[in-house]
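Single-structure report; data block below.
Keep in mind the model is a prediction, meaning the values are calculated, not measured. Nothing fancy with the numbering, it's 1 onward along the sequence.
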Amino acid sequence: MSDDHDATGAMNFIFEAGVLKRAARTGWWFAGVKHPESIAEHSFRTALIGVMLAAMEGADPARVSMMCVLHDTQETRITDIPHIAKRYLSAAPNTAVTADQVAECPPAVADTITAAVTEYEAQESLEAIVARDADKLECLVQAVEYHHQGIDNVQRWIDSSRAALKTASAQRLADAALAGQPLAWLVPPPAQP
């Protein structure tokens with residue numbers, strides 16, 4: 001019975017995480033984006049950026065990517081609260097939300113997820129710092145893409161994301177994003193002689 005209960009608890013968290021595929025990143029509505037990316041879409045690219053930043057900074061890419069995947073899972077319960085709303089609302093800490101989310105999971109699963117979220121929120125390890133930089137850099141990259149799609153009101157996201165970056169590698173990638181073109185990768189490289 002215990003194994004079935006654990007499996008059910010784990011599956012409930014998996015189903016809950018699926019909500020992130022449908023939940024929008026709400027801050028972009030203020031910039032005029034009618035159909036912003038989902039939280040899951042943001043988390044996917046954050047994890048990819050995290051792997052790259054970890055490699056560049058000498059951090060553990062697997063640990064960083066795990067924190068990136070989990071960093072917004074609490075938003076199934078507290079939603080993506082826009083920055084302006086945080087002046088008026090207070091949410092439970094992400095660690096407390098995570099504890100509730102994984103309470104019925106197998107202990108090893110609950111411990112793994114809780115430890116990663118706790119580490120991310122504490123911002124004391126290189127991996128946590130890199131994961132947070134990946135989150136901020138993904139927001140900056142998304143703002144650059146929206147700008148190239150004709151959304152003009154994104155500079156505040158670019159500025160606040162850029163200012164929050166801690167690692168030299170994230171700052172270098174931010175500079176490249178700001179100087180680059182989102183669809184430059186479509187152009188084939190020059191032929192080699």
Measuring only between side-chain heavy atoms, which start at C-beta, is [X] closer than 4.5 Å to [Y]?
| X | Y | result |
| --- | --- | --- |
| Gln74 | Val117 | yes |
| Cys139 | Trp28 | yes |
| Val69 | Ser43 | no |
| Gln142 | Ser161 | no |
| Val144 | Leu178 | yes |
| Glu104 | Thr8 | no |
| Leu173 | Met56 | yes |
| Thr167 | Gln171 | no |

Query raised in the report: Can a salt bridge be assigned to the pair Arg45 and Glu37 using a cut-off of 4.0 Å between side-chain N and carboxylate O?
Result: no
Query - Salt-bridge contact Arg77-Glu16 (side-chain N to carboxylate O under 4.0 Å) - result: yes
Same cluster for [X] and [Y] if Ile/Leu/Val/Met/Phe/Trp/Tyr side chains link at under 4.5 Å?
| X | Y | value |
| --- | --- | --- |
| Phe13 | Leu20 | no |
| Val109 | Leu70 | yes |
| Trp157 | Leu137 | yes |
| Ile158 | Ile151 | yes |

Report task. Determine whether more than 12 heavy atoms belonging to other residues, nucleotides or ligands lie under 6.0 Å from atom NE2 of His148. Result -> yes
Query raised in the report: Just wondering, more than 12 heavy atoms not from Met66 lying within 6.0 Å of its CE?
Result: yes
Requested in this report: Take the angle between the ring planes of His71 and Tyr120 and call it parallel below 30°, perpendicular above 60°, tilted in between.
Outcome: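 Tilted, since the angle between the ring planes falls between 30° and 60°.
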Query raised in the report: Does a side chain donor of either His42 or Asp135 reach within less than 3.5 Å of an acceptor in the other side chain?
Result: yes
Report task. I would like to know whether Glu119 and Arg63 meet salt bridge (charged side-chain N to carboxylate O under 4.0 Å, His left out); could you show each step before the answer? Result -> CA-CA 10 Å; Glu119 181 179 352; Arg63 187 85 186 151; 2.7 Å; yes
Using atom types as modelled and distance alone, determine if a side-chain donor or acceptor of [X] lies under 3.5 Å from a backbone N or O of [Y].
| X | Y | result |
| --- | --- | --- |
| Thr114 | Asp111 | no |
| Thr98 | Asn94 | yes |
| Asp133 | Lys166 | yes |

Requested in this report: Measure across Val64 and Ala59 and return the closest heavy-atom pair with its distance rounded to 0.1 Å.
Outcome: CG2-CB, 4.2 Å
Query raised in the report: Where do Glu41 and Ser38 come nearest, in terms of heavy atoms and distance?
Result: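 For Glu41 and Ser38, the tightest heavy-atom pair comes out as OE1-N, 2.6 Å.
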